Amino acid sequence: MLDIRFVRENLETVDHMLQNRQMGMDLKPFIQLDENRRNILREVEELKHQRNVASDEISQLKREKKDASGRIEEMREVSQRIKNLDQKLAGIEEDFREFLLHIPNIPHHSVPVGKDEEDNALYKSWGEIPSFRFDPKPHWEVGERLGILDFERAARMTGARFAVYWGMGAALERAIISFMLDVHTRKHGYKEVLPPVIVNGTSLMGTGQLPKFKEDLFKLEGLDYYLIPTAEVPVTNIHAGEVIEEENLPKLYTAFTPCFRSEAGSYGKDTRGLIRQHQFNKVELVRITTPENSYQELESLLENAETILQELGLPYRVVTLCTGDMGFSASKTYDIEVWLPGQNTHREISSCSNFEDFQARRAGIRLRRKGQTKTELAHTLNGSGLAVGRTLLAILENYQQEDGSVIIPDALRPYLHGAERITPDKH
RNA sequence: GGAGAGAUGGCCGAGUCGGCUGAAGGCGCUCGCCUGCUAAGCGAGUGUAGGGUCAAAAGCUCUACCGAGGGUUCGAAUCCCUCUCUCUCCGCCA
C-alpha cells in the first residue's frame, strides 16, 4: 500500500508507474474519493467538536443543579447529523481503502522499464553450462526411472500437480532442507523460525496477496484461514503491528515451510514434473531493515540465496525483473534462474525482492530510532533460499549419469549418511 | 466440546452511581540538574492514526482510539448485544 499523501501529491508519478507496470488504472475516481472523504471528515469533526464542548457544558450545568434540557435538545439533533455523516464516511472510506489496496508498489529507479519477461535484464551468471556425452533427460524421467518420484499415485490419491517422493528422493528433499537451513543460520546469521502454514486474511493483506490475488490461494472452507503460498506471509507478519527498536535491526529470519498455490490460470503450463506443484517445500529468507539499508540488504540476501546454488555446483543466472514482470508488492526483484539441461533452459529457483515500506505500511511494521519518539515504517525484503523441489529437480537433471544414476553433490552427502549416488530403488 | 475468569498506554496496574480520565499510581525510557565514581535523589518530558493550518518541516489545533464490531444516551473505558483472543478446571487428543 502506498502512502495516501504521496499518491495525492505525486499523481503523475503514480500514473506513470502504473503504465510502466502494464496496468491500466484510472486514478481520477480515487482522487475524487479522497476529496469527498476529507470534506466529510472536516464537517463531521467540527460537529464532534461542538458535541464535546456541549457535553462539558451539560455536565457543568448538572453539577450546578441547573437545567440543561435546552442544550440536550440541541445536541440530540447534532448527534443525529453526526451519525448520518459517520455512516456516509464509512462507506466512502471502504471504497477508498479498497482502491488504495489495489495500487501496486512503485518500482525502484534502477528497475528496467519493460513489458514482460523478455525485457528482464541479465544481472550476473555463475557456473559453466555442462555438456553431456548423452542426451540429458528431464527430471521426471530421471526420477521415475530411479523410482524416487511418483506422479501417478499422487494423482490418484489427490490430483494433478502433486508428487509422492520415495526412498532416496524423500531423503534428498529432507537433506536439501537441512543443508539450506544450516547454511543460512550458521554462515549467514539468520534465525530459524517454524511458523504456522495456515494464516488469516489480515496477514495475507499485510504482505499483499490479498485482496487482489485471492484466486491463487487455497482457502479453508467456512473459515478466514488460508494455506500459505509462501513463508513470506507468516514470517513477515511476525512483527505486524509492532515497533522495533532500530538497534535490533536488521532482523534476519529463515524458515522452512511447505507452500500451497492453486495455480489458477496456469492450466496446461508445466504439467509434467516438479516445476509447478500445488504443494512444494521452500526455505525462505526474510529481512526487516531500516529504509537507508534496504537495497544493500537486497544484494546481501541475493548472495545468500546464490551461495546455496554455488555450494551445490548448479549453474545459474540472475535477472533483474523489468517493471512489467515484477510482482504487485515489490519495488525491485531479482530472479535466480537455475540451468536445467534436461529441458535445455533456465528456470526460476528463487525470487528476491525489496518491498520497501509497501508491506510495512499494510502490516504496521515500524521502527524507532534511538532517542526518537516518532516511529517510521521499516523496509521488508524476502527471497527464496531456495525452492526445495526445484533444487531437487535441478540436481537430478544436472547430476544425471548415462547409466541413469544421479551423483549426489558433495555438500549434501553429510546429510545422507555419506551416500554418493542415487541408484534405482525398488519398492 | 462443557464450566468459569479476564482483555486498559512500552510494561505493571487503578478507574466509584455513565460526564474536567488520553486515561490515577508505579516501573521503564529520554533530556536536564545534583553528586569524587557508581547508586540514590530532584525537575521536565515520554502512545498511535487521521484531518486542519503551513511552500515545507517544526509548531499549533481538531477528531478518533481503553481486545474487535454494533447498540443505548445530549454524552460510554464505564451500561447492553455479538465476535475474537488469553487463562483455569473437566472431557478428548498427536
Side-chain angles (χ1 to χ4, degrees), chain A residues 1-11 13 30-101 194 196-206 220 222-226 234 237-249 258 291 357-378:
Chain A
M1 185 164 71
L2 300 179
D3 184 2
I4 308 141
R5 271 171 293 199
F6 178 84
V7 178
R8 206 184 283 151
E9 287 158 25
N10 299 277
L11 255 193
T13 312
F30 177 65
I31 293 305
Q32 190 57 51
L33 222 46
D34 179 43
E35 219 160 281
N36 283 346
R37 173 180 147 266
R38 280 184 298 154
N39 286 338
I40 295 176
L41 203 56
R42 218 170 306 158
E43 193 179 345
V44 79
E45 285 188 352
E46 166 59 26
L47 288 174
K48 281 180 180 172
H49 179 56
Q50 273 180 38
R51 184 177 71 184
N52 287 345
V53 171
S55 231
D56 283 352
E57 281 175 33
I58 290 167
S59 67
Q60 182 73 26
L61 289 171
K62 290 221 165 171
R63 242 175 291 120
E64 292 167 4
K65 308 266 189 248
K66 290 184 184 158
D67 178 40
S69 56
R71 292 300 270 149
I72 289 177
E73 204 46 50
E74 277 171 52
M75 284 305 111
R76 207 184 299 266
E77 195 224 329
V78 171
S79 272
Q80 192 52 47
R81 281 173 64 197
I82 290 174
K83 202 178 227 174
N84 293 340
L85 285 173
D86 264 343
Q87 224 162 54
K88 203 165 145 196
L89 188 64
I92 290 173
E93 237 151 28
E94 203 186 307
D95 292 349
F96 173 78
R97 193 178 150 68
E98 185 67 13
F99 205 113
L100 198 59
L101 283 171
L194 185 65
V197 298
I198 296 175
V199 294
N200 58 32
T202 304
S203 294
L204 286 154
M205 198 78 81
L220 301 199
L223 298 167
D224 181 34
Y225 281 176
Y226 300 79
N237 277 288
I238 284 175
H239 292 292
E242 294 184 6
V243 177
I244 307 169
E245 300 300 328
E246 184 191 7
E247 67 214 60
N248 295 328
L249 293 174
D357 63 13
F358 189 85
Q359 294 182 327
R361 185 172 293 107
R362 289 174 165 235
I365 305 170
R366 287 162 302 170
L367 68 97
R368 194 190 329 267
R369 311 269 182 187
K370 210 168 167 51
Q372 296 281 125
T373 61
K374 276 280 164 206
T375 59
E376 52 190 293
L377 293 168

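Letters A, B, ... mirror the listed sequences (proteins, then strands); counts begin at 1. Basis for what follows: all heavy atoms, side chains included, without hydrogens, waters or symmetry-related copies. Just so we're clear, the structure is a prediction, and the values are computed from it rather than from any experiment.
A donor-acceptor contact under 3.5 Å is not formed by the side chain of A:Q60 with the base of B:G19.
Across all strands shown, B:U16 forms no Watson-Crick or G-U wobble pair with both key distances under 3.5 Å. Across all strands shown, nothing is found opposite B:G75 as a Watson-Crick or G-U wobble partner with both distances under 3.5 Å. Within the shown strands, B:A44 is the pairing partner of B:U30 under the Watson-Crick or G-U definition, both distances less than 3.5 Å.
Using a 4.0 Å cut-off between charged nitrogen and carboxylate oxygen, A:R71 and A:E74 count as a salt-bridge pair. By the 4.0 Å N-to-carboxylate-O rule, A:E94 lies too far from A:R97 to be salt-bridged with it. A:K83 has no carboxylate O lying under 4.0 Å from a charged side-chain N of A:D86, or vice versa, which leaves the two without a salt bridge.
For B:G1 and B:C12, the C1' atoms lie 35 Å apart once the distance is rounded to whole Å. Rounded to the nearest Å, the gap between the P atom of B:G32 and that of B:A39 is 15 Å. Taking atom P in both B:G19 and B:U78, one finds a spacing of 11 Å when rounded to whole Å. B:U21 and B:C31 have their P atoms separated by 31 Å, given to the nearest Å.
Put simply, A:R76 has no side-chain N or O that comes within less than 4.0 Å of OP1 or OP2 on B:U73. Of the side-chain N and O atoms in A:S59, none sit less than 4.0 angstrom from OP1 or OP2 of B:G75. A:R37 has no side-chain polar atom (N or O) that falls below the 4.0 Å cut-off from OP1 or OP2 of B:G50. An OP1 or OP2 oxygen of B:G50 is reached within less than 4.0 angstrom by no side-chain nitrogen or oxygen of A:R42. A close approach under 4.0 Å does occur between a side-chain nitrogen or oxygen of A:N52 and OP1 or OP2 of B:U63. Dashed line: the shortest gap from a side-chain N or O of A:H49 to OP1 or OP2 of B:U63 is under 4.0 Å.
Taking the side chain as every heavy atom from C-beta outward, A:R361 and A:D3 approach each other to under 4.5 Å.
Atoms CD1 (A:I82) and P (B:U73) sit 15 Å apart, rounded to a whole Å. Atom CZ of A:F96 is separated from atom P of B:G50 by 10 Å (rounded to the nearest Å). Summarising the geometry, the separation between CD on A:Q50 and P on B:G75 is reported as 14 Å, rounded to the nearest angstrom. Residue A:R51 contributes atom CZ, which lies 11 Å from atom P of B:C74 at whole-angstrom precision.
In this structure, the nucleotide among B:A64, B:C74, B:G50 sitting nearest to the side chain of A:K48 is B:A64. Of the candidate nucleotides B:G51, B:U48, B:A64, B:G51 has the atom lying nearest to any side-chain atom of A:R8. In the set B:C62, B:G19, B:G51, B:G19 carries the atom at the smallest distance from any side-chain atom of A:I58.
For the pair A:E45 and A:Q87, nearest-nucleotide mapping onto RNA chain B gives the more 5' position to A:E45.
Nearest heavy-atom pair across A:Q50 and A:V78 is OE1-CG2, 4.1 Å.
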